[in-house]
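Computation of the quantities below employed the complete heavy-atom set of this structure, encompassing side-chain atoms and omitting hydrogens, waters and symmetry-equivalent molecules. As the structure is a computational prediction, the values presented were derived from the model and not from experiment.
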Amino acid sequence: MNELTEDIETDVVRANPTSSDVITCEEKNAYTGKSVLYSIERKKSLQARYVYGFIFLLTNLIAWFFRDYGHKILPELHYIKACGNGGNDCFHTMGVLRVSLGCFIFFLLMFLTTCKTRKLYGTRNIWHSRWWSLKFILLMISLAVPFFFPLSFIELYGEAARIGAGTFLLLQLISVIEFITWWNNYWMPDPERQSCFLGLIMSTIFYVASICGILLMYLLYAPRASCTLNIFFITWTAILLTVMMVISLHSKVNRGLLSSGIMASYIVFLCWSAIRSEPAFEKCSPQKEIPGKSDWTTVLGFLIAICAIVMATFSTGIDSESFRFRKDEVQGEDDIPYKYGFFHFIFSMGSMYFGMLFVSWQLDHSTRKWSIDVGWASTWVKIINEWFAATIYFG
């Protein structure tokens with residue numbers, strides 16, 4: 001009789017779910033709804049990166065406009081007291097620095113207002129991903145305000161921009177090395193499998209390309225024994241390449257042949273870029289200066305250079321993982337997909353960087369039309385960047 005009673009009670013319990021079961025179902029529906037909302041916010045956050053990238057590209061083009069054509073198209077600026085006699089302090093080099101400062105102000109404000117963002121449902125996340133009309137007004141104000149600053153302040157910003165641009169190059173270099181390390185670990189995750197056929201093929205390709213690059217630079221940029229500086233740059237790059245190969249083959253170091261091959265290609269590229277930045281009037285320079293004229297290759301190279309600046313800034317800005325002290329942090333579903341503060345900080349440093357490239361790192365000289373990052377200062381910045389990259393890799 002007791003067994004029959006227990007069976008009946010069990011059937012009743014199964015037929016009538018408890019309140020806890022109902023709550024669990026409601027919680028599940030609520031969780032699903034939140035997941036959908038988080039997915040939407042995450043998508044908007046990822047899309048916002050491209051809008052900021054477009055804003056950065058736009059400011060680059062504005063800086064170029066003020067440098068090369070502003071004095072012809074906007075002569076009204078000479079009425080502004082800060083622009084000096086004839087408005088010359090708002091065009092050419094000073095015009096670039098004023099636009100660069102405006103871009104820096106905009107992204108600095110974005111950094112200060114989003115650096116503490118952690119969750120997708122916060123107000124700071126909405127400010128980062130939405131309210132574009134308000135941010136457009138903020139951008140216009142940020143770009144206009146520097147044109148009312150005195151010349152002494154703009155010159156002071158120019159000196160600070162050199163430091164900021166150097167900081168940007170350092171962060172970009174760290175990001176590149178982290179990417180090379182990740183690439184090597186992806187293709188060769190096991191140190192005992194360094195003889196992996198695919199990895200060996202790829203490393204061979206990178207080294208062959210690097211050696212060919214060295215030989216090609218000797219032929220094009222050091223055709224005579226009098227080109228001593230170019231010979232020095234290329235020879236030292238070849239030495240660094242050889243040292244990388246020896247270190248990668250050393251069993252106790254275990255750097256990986258693939259990673260050293262990629263790094264070797266990178267420093268060869270930096271050497272080539274440095275030599276390409278030499279002034280056009282130098283006898284060993286690959287540039288050919290034609291006063292008052294710019295052929296289609298010059299224009300194309302200029303546009304590619306601007307796109308490269310934007311891409312370098314964008315890729316470094318979204319690579320906050322390379323600069324985290326803790327790599328084991330678990331990301332929750334409601335966490336932001338990337339660090340907003342770091343993203344805007346990189347773009348603010350990138351504002352200083354493009355300012356230096358447009359004036360070729362020189363504050364007292366104007367650059368010719370359709371040129372970018374050309375001059376001895378630019379050459380030495382890239383050479384030092386190459387040597388510093390090799391030093392970090394060896395370390």
Side-chain angles (χ1 to χ4, degrees), residues 161-181 183-184 203 206-207 209-222 227-250 253 255-279 282 284-287 305 308-309 312-313 315-316 319 322-323 346 349-350 352-354 356-357 360-362 372-395:
R162 288 175 171 171
I163 301 175
T167 303
F168 175 83
L169 285 175
L170 176 60
L171 295 174
Q172 183 188 19
L173 181 59
I174 295 174
S175 179
V176 169
I177 293 177
E178 284 289 328
F179 171 77
I180 291 174
T181 302
W183 188 260
N184 181 75
S203 59
F206 278 111
Y207 269 112
S210 301
I211 295 172
C212 290
I214 293 290
L215 296 176
L216 193 60
M217 284 192 293
Y218 272 121
L219 292 174
L220 296 178
Y221 307 139
C227 301
T228 53
L229 188 59
N230 287 357
I231 293 175
F232 168 71
F233 288 158
I234 300 170
T235 303
W236 188 248
T237 302
I239 293 174
L240 293 176
L241 189 152
T242 304
V243 172
M244 284 184 181
M245 183 181 297
V246 172
I247 289 178
S248 65
L249 293 175
H250 199 286
V253 177
R255 277 288 189 181
L257 193 61
L258 179 57
S259 62
S260 64
I262 300 174
M263 193 64 191
S265 300
Y266 181 63
I267 65 170
V268 170
F269 166 77
L270 289 177
C271 180
W272 170 81
S273 180
I275 295 176
R276 291 283 302 175
S277 295
E278 292 178 0
E282 291 297 318
C284 297
S285 171
Q287 307 286 343
I309 295 171
T313 307
S315 60
T316 306
D319 188 25
S322 299
F323 302 90
I346 291 297
M349 293 296 102
M352 294 182 169
Y353 178 63
F354 85 70
M356 288 296 100
L357 294 189
S360 298
W361 299 82
Q362 302 179 73
I372 185 170
D373 203 18
V374 175
W376 282 120
S378 300
T379 298
W380 281 106
V381 165
K382 293 178 180 179
I383 287 295
I384 293 174
N385 189 30
E386 174 199 341
W387 296 347
F388 195 63
T391 302
I392 293 179
Y393 181 81
F394 293 148

[X] [atom1] to [Y] [atom2] distance, which is reported to the nearest 0.5 Å:
X      : Y      : atom1 : atom2 : answer
Glu386 : Thr391 : CD    : OG1   : 10.0 Å
Ile384 : Thr379 : CD1   : OG1   : 11.0 Å
Met244 : Ser265 : CE    : OG    : 10.0 Å
Ile275 : Leu220 : CD1   : CG    : 9.5 Å
Ile214 : Thr242 : CD1   : OG1   : 8.5 Å
Trp380 : Asn385 : CH2   : CG    : 14.0 Å

Check: [Y] main-chain N/O paired with [X] side-chain donor or acceptor under 3.5 Å:
X      : Y      : value
Ser360 : Ser378 : no
Ser315 : Ala312 : yes
Arg162 : Trp361 : yes

List the atom of [X], the atom of [Y], and the distance in Å for their closest heavy-atom pair.
X      : Y      : answer
Ile309 : Leu357 : CD1-CD1, 3.4 Å
Ser210 : Gly261 : OG-O, 4.1 Å
Ile372 : Ala305 : CG2-CB, 3.6 Å

Would you say that [X] contacts [Y] through its side chain, given a criterion of any heavy-atom pair below 4.5 Å between the two side chains?
X      : Y      : result
Leu240 : Tyr393 : no
Tyr207 : Leu241 : yes
Phe168 : Met356 : no
Ile177 : Met263 : yes

- Message: Is there a side chain to side chain contact (heavy atoms under 4.5 Å, CB included) between Met352 and Ile163? Walk through the geometry before answering.
- Response: CA-CA 9 Å; Met352 294 182 169; Ile163 301 175; over 6 Å; no

- Task: Determine, stepwise, if the pair Ser260 / Phe206 fulfils side chain to side chain contact (heavy atoms under 4.5 Å, CB included).
- Result: CA-CA 9 Å; Ser260 64; Phe206 278 111; over 6 Å; no

List the atom pairs, donor and acceptor, that lie under 3.5 Å between side-chain atoms in residues 267-274 and the rest of the protein, sequence neighbours left out.
{"from": "Trp272", "atom 1": "NE1", "to": "Tyr221", "atom 2": "OH", "distance (Å)": "3.1"}
{"from": "Ser273", "atom 1": "OG", "to": "Lys382", "atom 2": "NZ", "distance (Å)": "2.8"}

- Query: Is atom CH2 of Trp236 surrounded by more than 12 heavy atoms (other residues, nucleotides or ligands) closer than 6.0 Å?
  - Reply: no

